[in-house]
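If you're wondering where the values come from, they're calculated on a predicted model, not measured in any experiment. So you know, we letter chains A, B, ... as the sequences are listed, proteins then strands, and number each from 1.
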Amino acid sequence: MTATTGADASAQASAEQVRAQVAAWLAENWQPGGGGPRWRERLVDSGWAAPTWPVEWFGRGLHRDLRRVVAEEFTRVGAKPAALDVTQLFANTILAHGTDEQKKSFVRPLALGEHQGCLLYSEPGAGSDLAALQTRADRDGDTWVVNGQKVWTSGAREATHGFLVARTDWDVPKHRGLTFFWLPLDQPGVDIRPIHQVTGGSEFNEVFLTDAVVADSHRLGAVDDGWRVLQTALGFERLIMGAAAGGSSRQRRRADGGETTLADRQSPWTRQIGGADYVELAKKVGKADDPVTRQEIARLYTLEKVNAWNSLRARADAGRGAASPLASIGKLAMSRIVHTGVSVTTNLLGAASVLDGDTDPVAAEVNRSSFAAFVTSIGGGTDQIQRNIIGERVLGLPREPEVDKFVPFREVRKAQATRRFS
Amino acid sequence: MTATTGADASAQASAEQVRAQVAAWLAENWQPGGGGPRWRERLVDSGWAAPTWPVEWFGRGLHRDLRRVVAEEFTRVGAKPAALDVTQLFANTILAHGTDEQKKSFVRPLALGEHQGCLLYSEPGAGSDLAALQTRADRDGDTWVVNGQKVWTSGAREATHGFLVARTDWDVPKHRGLTFFWLPLDQPGVDIRPIHQVTGGSEFNEVFLTDAVVADSHRLGAVDDGWRVLQTALGFERLIMGAAAGGSSRQRRRADGGETTLADRQSPWTRQIGGADYVELAKKVGKADDPVTRQEIARLYTLEKVNAWNSLRARADAGRGAASPLASIGKLAMSRIVHTGVSVTTNLLGAASVLDGDTDPVAAEVNRSSFAAFVTSIGGGTDQIQRNIIGERVLGLPREPEVDKFVPFREVRKAQATRRFS
Amino acid sequence: MSAPKMLTSGQYLGSTGRLEAAVGTFEFTDDHEALRSTVRAFVEETFSEAQVRRLMAAPSALERPVWERMARELGLQGLVVPEEYGGAGAGPVELAIVLEEFGRRLVPVPLLSTALATVALAGGDPAVTAGRLEAVAEGRVVATVALAEDDGGWDAAGVHCAAVGGDRDGDGWRLTGTKSFVPDGLDADLLVVAARTDAGVGLFAVDSAADGLSRSALEVFDLTRRLARVRLDGVAATPLAAPADEAAFDRFLDAARIAVAAEQAGGADFALAMAVGYAKERVQFGRAIGSFQAIKHLCADAFVDVESARSAAYYGAWALAQDSPEVATVAPLAKAFCSEAFFATAQTNMQVHGGISFTYEHPAHLYYRRARSGAQLWGSPRTHRDLLATRIGL
Amino acid sequence: MSAPKMLTSGQYLGSTGRLEAAVGTFEFTDDHEALRSTVRAFVEETFSEAQVRRLMAAPSALERPVWERMARELGLQGLVVPEEYGGAGAGPVELAIVLEEFGRRLVPVPLLSTALATVALAGGDPAVTAGRLEAVAEGRVVATVALAEDDGGWDAAGVHCAAVGGDRDGDGWRLTGTKSFVPDGLDADLLVVAARTDAGVGLFAVDSAADGLSRSALEVFDLTRRLARVRLDGVAATPLAAPADEAAFDRFLDAARIAVAAEQAGGADFALAMAVGYAKERVQFGRAIGSFQAIKHLCADAFVDVESARSAAYYGAWALAQDSPEVATVAPLAKAFCSEAFFATAQTNMQVHGGISFTYEHPAHLYYRRARSGAQLWGSPRTHRDLLATRIGL
């Protein structure tokens, strides 16, 4: 091992030193009730908004273990810690793969909230098999011309830019011909249409790209090396959720968009681990003494508890810097929990569960939850894909024969690239 | 369509004519209480033991629809109808694929019960994937020399011969290098060892073949065409069970050997469709009013009933000569029924279910059933294979990539050909 | 088209007794197959998905011209109306076929409601029911049954609506109470209402235009089946037969359970067909997703469920046609099983379709809605299993 | 080897309270890992499958020299015996680790029985228990617990065995009744017996050689765990503490549930490892069967079960170590869940192995036997879920 770098040295800054620095800065800059004029700007420029980012890029170069100290000090004075180095997956990815020029241009507007990102990954023909995406980017001098369709994009209507993965080489196997861009959305070639969801909401969008243009200066990473950049971006999404809850990155991605909003709706039951709400509902409908109901609620309570304990173990592993096999089971377990939860509440409501809307708001909630349960079992990697991941990556079982592995993508059998409207 | 053949004409013999013929023959030949001297021989030689076999081969050339008429007349006088054309899968197969010489030599001893057959199909390395069998037969002039190991052979210790499938060409894909033989078992190269089963029984055997010899005159069908003969033999097994109960041929094959004997042991519950025995047991243990028990028994009763009704529909289809998709679901459904049945009875017994043997014969019965349930979910095509069959053959879903399909068997990755003893 | 005659008792009875009889039942006749083809062709032509969606969005799913055509050209409303009252005189087996076909495409017109009411009427006193049955058969009248109330119980114990003031001849009865979960209650001209007299529960015919009757739509999850709440405030009513024949009421409930089960089997069958079709067509990882065991086996399990559901519904219909004592066990069994089989298949269909099933424009959710709500309507699977337990001797 | 000290309360408490405390629990210390490695190595060396099968077939699975070595070299019997009585003074977390390891290999020696008795003794009055604990820790005494009777109830309501005649100081008690399902009852020198006094149920120490005590082996399905029936006819007994402290009895039961759950988690873990190992090695259709989703997904689901079982057992052990009120819910939860997870995994293991699992010589059935019987011993999953329901407020 060689001598520690400056960053490492900084990482070893004692928690007390950091605490004192934050406190001092806050004492000077924070005005109770909102931070005062240009608070966000001062915060970003101070580096305390993203303490683990490099000093030269809006950070303080601290070790990740010290994040909590910073957060504690902010919380202590009543300020919300920005923790952009956790939550700003766009900036994080750009810092990891961008050129200095890109870091300079893109990171600060993101940090200040002037720019908003969205994720243009999934396509109608590329769901479980994301690497099969067919949106194409064709080079035209210093720009790229993009054509295709993205789907399940949350936050697209609020976003200024999107992380776009597009195919730039059709003559190599599917993972190897993709390129990653930071696409400006405010242009004629970008058409964003909300998806009318079964729940009645429209948290997700389709994004149609028709001769949309992105400058080569907005390309992240090398041409045809987009899969690697994507993995980094997905990793930052996992970071957002923390290792604790388990589950795959693509579920996580949805978390700050529409999907978790939906998934949350199946609360109050799943949110409050402990099942107290089922117990209350059972009492309210007079089924607390029914042995079948008691078995069912105890079973659901058990599923919730063991999943929570699994998460604690996963978090402990992550805290030691170890990849935890437990992190991969949370999403599958949650799928079972939410579907079971819907079943339990439906049985508690009985006939009333056929009602909806204002006629019976509780039934309406359960009905919405019944759909939202599919967000968990489908969105962000289906239960089937999750079982593959557990089987292959955790248990080490061999992969299936991959018919498209060594085949130029042009020759691979593909799904419909765009969604047909009936 | 051309003129009807003699057999067809005979097939159209009216039921009344046939009934009269049988009655007349029985009047002359049957002595109440046992049939009298040389009954079996007279029966076989009369053709009434196998009414649908050709007249020249111990039969009467009747259409299969008339089998029932024959059986009814036998039953009327108190004689057991032999129905060898249904039950004698060995003779049936020999009649379908054998030379006249073979028919002459092999069928009558089988019909008379002087010869007994067993099935030498499965191997330690060829279970679900039967075509991957590795027992080899190498030609040596007018004989073949056989080496390998067969397993799960019921009735091997009582048998004189076995239907043997062996590999005769290793340089073609797996289905194409197999040959079918009628192997005499009473020779030094055949070593039959009972399998010590988890239930304590030994209905099954392993058959070790070490330079066993079979004359080329005992080969059924062409060299390397054994897979086709095997399909015929499997078809006759299905016939034994009738289309009614559904299920695959390989389960059926076991039916007259050990496996069904075992499976039957999970009766009295599954045998008596209607669930009356669960009801009685529930009352006996004082759980008839327990809502959880009631749900569980009603559920099991339902599974049994719908399976029985499915079988009736399958039988009706078969009666019209139509292949029924319902025939393919019986085995999978039965697997669920028997495992569920074990669960229900275990819950009824509670702590007593840990007992065994003479200490608690009811518990012992349920314990044995709990193992026998795996005979249904594994034996004769696992539940997993059954789901493949339904998915592919009934629903028309595409097959998986087959890595061994076009590869000479010699080069295919194979399982252990023999069982290792620890 | 003339509807086929129903199977007559013993028509298919073989010499070995009951099982053979059952075989006969499942061996639909050519007339049955013709009926199924005719109905399927009519439904596919008349109730395309686009049409179903249009009716979903309309103030009412009932369009009288179509309704009248169904009666005039196909005789569907009169299927189980005796011939002397202008019907086809068919039976439960034919009704099951028709309802299965309507269920396959979630046809939102009030056929099931009307059929259930017809079954109730056909079990009543001709003096009361003849004219009403004729009106139904001719397509002039839409009918329904009003059984459960706000607490959602579909057996006699759930009937609190009071029937008072009648004499022994059936005159002068007045109903007071609230019926809920009434299918197509806003469209119905005629309601068959379960009400409680001093002597027990019976069925009464009520004119929806009668004084004292008011109706309101319930907001419901199933977009292809409308439900209403009906308030009765001293509404004039006529008992279908003896005013408190609870045995007849139970027989009617069993017939209703089997009819509903047949409709559910149809929905399940179509949901599976959708899933399988998509699994064959949808490509991921360079091959159809149906080639993956994860998907293939989901579909295979659903196939077992669906065929079993059909068997249960058919056997129930056969048992009804034979007036077999088995009806008592098969009816709750069929309703419980078909409910769960349909729901499981609708879930599988959603899961196999993946994200697309989450869009409103894709029909998967419509089946899911029907399956989810239908499981609880007319009594939950759990309730029916408990009833089954009782009826098998527990 | 000296056993590690148990986690002290708050040792891992972070600033945010309870969840952090739990995190700490699951973060086994290096001492814990060392304990696990030591025990695993010992078990693998001493209780190979061949050895387990030999003990299965022997008249007794207890071989005193091995038992004494376990005490002398590893201190396993004294693990949770306080240091002042010659033990390691460790706690439930360490006990869970040891039992999990013994459970993984179905070690048939009476360690669980002895451990449960030790837990009971350690909760008693030192005046009564000190000498007995010392004897256990030294490996001189094999102990067990006799809780249930012929009707198989493991709670206070299931205790009918009568304790009579004692005075308030604990002298002169006599037990009469029959205990059943007593693990390793024939080998035990010391029995901790649940008996009923006029005031309620309490635990009593009984010498197996005492007058009036007779024992018989029960024929059992689980070949690696022997059970006995013990008749007590006025047998002299000493209450561990107050003779009818039902709260203490319940606390003991909860500790026992968690200990058993840990053993079950170990069995499940090993059964899964067997299944996965075979799925990697067994070839059909030209490839390892574990490459087929049907097998892969069975294993994946089992993995979720197994890890969840471990989490439940560990959390229970932690809660015990912290003397947390959560013990009341976690204990029945863990026993119910680990029972079913083990059974499901043992089934998956049989199914993945196919026909070979049906041979006596293959170990799959031994795990199946342990899982199937263990689920019902010490109270069924259903019973425990109902208790859980009560304890979460239903």
Side-chain angles (χ1 to χ4, degrees), chain B residues 122 124-129 131-132 151-152 174 195-200 202 204 262 292 339 342 346-347 349-360 363-364 366-367 370-371 373-375 377-379 382-385 387-388 400 402-405 407 412-416 419 421-422, chain D residues 49-50 148 150-154 158 180-181 216-223 225 227 229 281-289 291-295 298 347 350-366 368-369 372-383 386:
Chain B
S122 297
S128 296
D129 183 15
V151 76
W152 304 119
K174 62 182 179 181
I195 295 174
H196 184 186
Q197 292 152 209
V198 289
T199 49
S202 298
F204 300 117
L262 282 169
V292 180
H339 281 284
V342 168
T346 302
N347 287 333
L349 292 180
S353 72
V354 310
L355 302 175
D356 207 47
D358 294 337
T359 298
D360 191 324
V366 176
N367 286 329
S370 81
F371 279 132
F374 287 96
V375 175
S377 60
I378 291 172
T382 64
D383 285 358
Q384 288 70 37
I385 294 287
R387 291 192 181 95
N388 263 11
E400 290 188 275
E402 292 166 89
V403 298
D404 57 352
K405 192 167 183 183
V407 182
V412 167
R413 190 173 163 205
K414 296 181 258 305
Q416 295 274 349
R419 200 152 74 86
F421 290 84
S422 51
Chain D
E49 188 193 326
D150 284 344
D151 55 0
W154 268 269
S180 202
F181 308 104
S216 56
L218 294 168
E219 275 187 277
V220 292
F221 183 64
D222 179 0
L223 301 174
R225 168 150 292 141
L227 303 178
R229 191 156 178 266
E281 164 200 295
R282 169 75 172 174
V283 171
Q284 292 282 271
F285 306 102
R287 52 183 169 120
I289 61 170
S291 69
F292 289 98
Q293 286 183 329
I295 299 297
L298 271 181
Q347 286 189 302
M350 295 277 291
Q351 188 70 23
V352 168
H353 275 83
I356 193 81
S357 71
F358 208 65
T359 64
Y360 195 84
E361 76 200 26
H362 192 278
H365 73 103
L366 300 178
Y368 180 79
R369 289 171 185 270
R372 172 170 161 75
S373 293
Q376 299 294 329
L377 276 184
W378 294 290
S380 70
R382 192 167 289 175
T383 307
D386 201 74

Looking only at heavy atoms and a cut-off of under 4.5 Å, which of T346(B), V412(B), I195(B) has the most pairs with chain D?
T346(B)

If we define contacts as heavy-atom pairs under 4.5 Å, which of K174(B), E400(B), R387(B) has the most with chain D?
E400(B)

Side chain D356(B), main chain F221(D), donor-acceptor under 3.5 Å
no

Interatomic distance, E219(D) atom CD to L355(B) atom CG [nearest 0.5 angstrom]
9.0 Å

Using a cut-off of under 4.5 Å on heavy-atom pairs, state which of D151(D), T383(D), V220(D) scores highest against chain B.
V220(D)

Side chain / backbone / both / neither for D360(B) at chain D, heavy atoms under 4.5 Å
neither

Between Q376(D) (side chain) and V354(B) (backbone), is there a donor-acceptor pair under 3.5 Å?
no

Could you have a look at T382(B), N347(B), V407(B), N388(B) and say which one has the most heavy-atom pairs with chain D under 4.5 angstrom?
N347(B)

Heavy-atom pairs under 4.5 Å with chain D - which of R413(B), K405(B), Q384(B), E402(B) has more of them than the others?
R413(B)

If you tally heavy-atom pairs under 4.5 Å between each of G152(D), A148(D), G286(D) and chain B, the highest tally belongs to G286(D)

How are the rings of H365(D) and F371(B) set to each other: parallel, tilted or perpendicular (split at 30° and 60°)?
perpendicular

If we ignore angles and hydrogens, is there a donor and acceptor under 3.5 Å between the side chains of E281(D) and Q416(B)?
no

Side chain Q284(D), main chain K414(B), donor-acceptor under 3.5 Å
no

Under a 4.5 Å heavy-atom cutoff, which of N367(B), D404(B), V403(B) has the most pairs with chain D?
N367(B)

Scored by heavy-atom pairs under 4.5 Å with chain B, the best of F292(D), F181(D), W378(D) is F181(D)

Leading residue by heavy atom contact count with chain B [cutoff under 4.5 Å; candidates G355(D), A50(D), S380(D), A375(D)]
G355(D)

Give me the ring orientation class for F204(B) and F358(D): parallel if the planes are under 30° apart, tilted from 30 to 60°, perpendicular past 60°.
perpendicular

